[in-house]
Amino acid sequence: MFKNQGTMDVSVLPQVLQWKQGGAGVEDLEPEVRSPVDEVFDQFLKGNTIFKNRDVLRHDYVPEKLPHREEEIRTLASILAPALKGQKCSNVFIYGKTGTGKTAVARYVLDKLTAKARQIGAPVVACYINCRMAGTEYRILASLCEALGVKVPFTGLAKAEVLERFKKALIGREFVFIIMLDEVDVLVKAHGDALLYELTRLNPELKGSKICLIGISNDLTFKEHLDPRVLSSLSEEEMVFKPYNASQLRDILWDRAREAFVDGAVSEAVIGLCAALSAQEHGDARRALDLLRVAGEIAEREGARKVEVEHVRKAVKCIEYDRIVEAIRSLPLHAKLILLAVYEKTKKVSSVITGEIYAAYSAICSRMGLTPLTQRRISSIINELDMMGLLNAQLVNMGRYGRTKKIRLAVQRSIVREILTQEGLT
DNA sequence: CTTCCACAGGAACCAGCGGACC
DNA sequence: GGTCCGCTGGTTCCTGTGGAAG
């Protein structure tokens, strides 16, 4: 779906250019009449009075200093330190909600550790894998192999074969291999804990090399899905990251803002608002940084010399809008049709039940000459849409009248209509 | 107290695909 | 070129269930 969008943009561009070229007397007027595009570019070039370095506000940026996480850094570093002497270190499990600095701390410590190891010549190899990005057990194994310099094909091999190659790369080589699995809960929910089980019990086979696992999860209840044997060996050490409060968020934002913005471009009020809004949402630093960055971009686009509170308010709306647009556009066709069914069914009433949605969806399908999917599948898709925050599905019991889900749109109707119309579905 | 609705959601399975291996 | 592999996105079949109605 994103690909479609990309080609659309490109296809529009030549038309605009042709129109410009085809316009009467454009060449004569060229020196005086400036195209809107030029204006945008010029403003961008000369008007960069707000940002010094906007990349600092991206969440994949690992800063030199992580305020209010000194304690956690020290703890993790002391757990991993034995690796520098070639000794096995404890497996670690890190919990905490999104934007509490888990990934940043872990990557920070890992970076420092590998740098130190290189400096003193210790055989430490580290591998960071985001399980959500990797997606499957196979690709995680493939990434592990790659970290050891073993090439494996993109697909086609049996998992057992990849695991075998991975072991072979480690056996007898005296490595301390630190594997960091970010969002490990996603892996376990989708594919079970078989891979984790394999990894935790690999050590005795390796004759020399040692594996150390760092699992990171933002789902606190995730432990329940784990086999007790996996759990006990994986969580030899546990760390819990507490959410930031508003004043801590303010410190973090100031730290980054000083690098990201020119002097005087942001005020205490702006930072305070970003911090307060994000603190309301379980102290998510990632969201706070996004908010500040988008507010800055809006201010820049408006040609303002500094970021105002108003820009932050606009940023809140802008981020939400973008999230919804992106979510809906990237949906497969039948998921969009279900969204459409919910949209149409909730015109008069606030919520509808699964059966009604399915009937409406089937009607839409036959109108469009498509074969509808089964109700079982629709039930799953509704759950997916619920997880994405596009729908709100609540399990209800209506006694004699059965057990079903009450479904509402979880986002603004106008946005849903707008996007579905653009997609040619309404 | 029993019945029974209208599904939820788990489990097993399938087809088609891209790709590696021999 | 046949065989095997994993992944995606489905289907079919099935059991489970809270509480209003009778």
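Note on naming: letters A, B, ... go to the chains in the order of the sequence lines (proteins, then strands), and numbering restarts at 1 for each one.
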More than 12 heavy atoms of other residues, nucleotides or ligands under 6.0 Å from [atom1] of [X]: yes or no?
| X | atom1 | result |
| --- | --- | --- |
| A:Lys88 | NZ | yes |
| A:Met387 | CE | no |
| A:Arg313 | CZ | no |
| A:Glu238 | CD | yes |

**Boundaries of the DNA chain C segment in contact with chain A, non-hydrogen, under 4.0 Å** =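 First and last nucleotides in contact are C:dC5 to C:dG22.
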
**Asked** Does A:Thr354 put a side-chain nitrogen or oxygen below 4.0 Å from OP1 or OP2 of B:dA8?
**Response**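 True: A:Thr354 side-chain N/O within range (under 4.0 Å) of B:dA8 OP1/OP2.
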
**Message:** At less than 4.0 Å, is any side-chain N or O atom of A:Lys405 found next to OP1 or OP2 of B:dG9? Yes or no.
**Reply:**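 For A:Lys405, the contact criterion (side-chain N or O under 4.0 Å from OP1 or OP2 of B:dG9) is met.
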
**Message:** Pairing donors with acceptors under 3.5 angstrom, does anything connect the side chains of A:Thr100 and A:His282?
**Reply:**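 Note: A:Thr100 and A:His282 side chains miss the donor-acceptor criterion.
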
**Request:** Return yes if a side-chain donor-acceptor contact under 3.5 Å exists between A:Arg376 and A:Ser380, otherwise no.
**Result:**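 Side-chain D/A pair, A:Arg376 to A:Ser380: present.
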
**Prompt:** Within 45 degrees of the axis of the six-membered ring of A:Tyr244 and under 6.0 Å from its centre: does A:Arg69 put its NZ or CZ there?
**Reply:**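 Cation-pi check for A:Arg69 and A:Tyr244: passes.
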
**Asked** Is A:Arg54 positioned over the aromatic face of A:Phe51, cation under 6.0 angstrom from the ring centre and no more than 45 degrees off axis?
**Response**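 Yes, A:Arg54 and A:Phe51 form such a contact.
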
**Prompt:** Within a strict 4.5 Å, meaning less than it, do heavy atoms of the A:Leu249 and A:Ile271 side chains meet?
**Reply:**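 Counting from C-beta outward, A:Leu249 and A:Ile271 never come under 4.5 Å.
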
**Item:** Residue pair A:Asn383, A:Lys405: steps toward the side-chain hydrogen bond (donor to acceptor under 3.5 Å, both in side chains) verdict
**Value:** CA-CA 10 Å; A:Asn383 281 344; A:Lys405 278 188 160 172; 2.4 Å; yes

**Whole-Å gap separating P (B:dG18) and CZ (A:Arg139)** =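 About 15 Å, once rounded to whole Å.
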
**Request:** Scan residues 157-167 of chain A against DNA chain C and write down, sorted by residue number, each residue with any heavy atom closer than 4.0 Å; if none is found, say none.
**Result:**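 Under 4.0 Å from DNA chain C: A:Leu157, A:Ala158, A:Lys159.
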
**Request:** List in numerical order all residues of residues 370-397 of chain A for which some heavy atom is under 4.0 Å away from an atom belonging to DNA chain B.
**Result:**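 Result for residues 370-397 of chain A: A:Gln375, A:Arg376, A:Ser379, A:Asn383, A:Leu395, sorted by number.
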
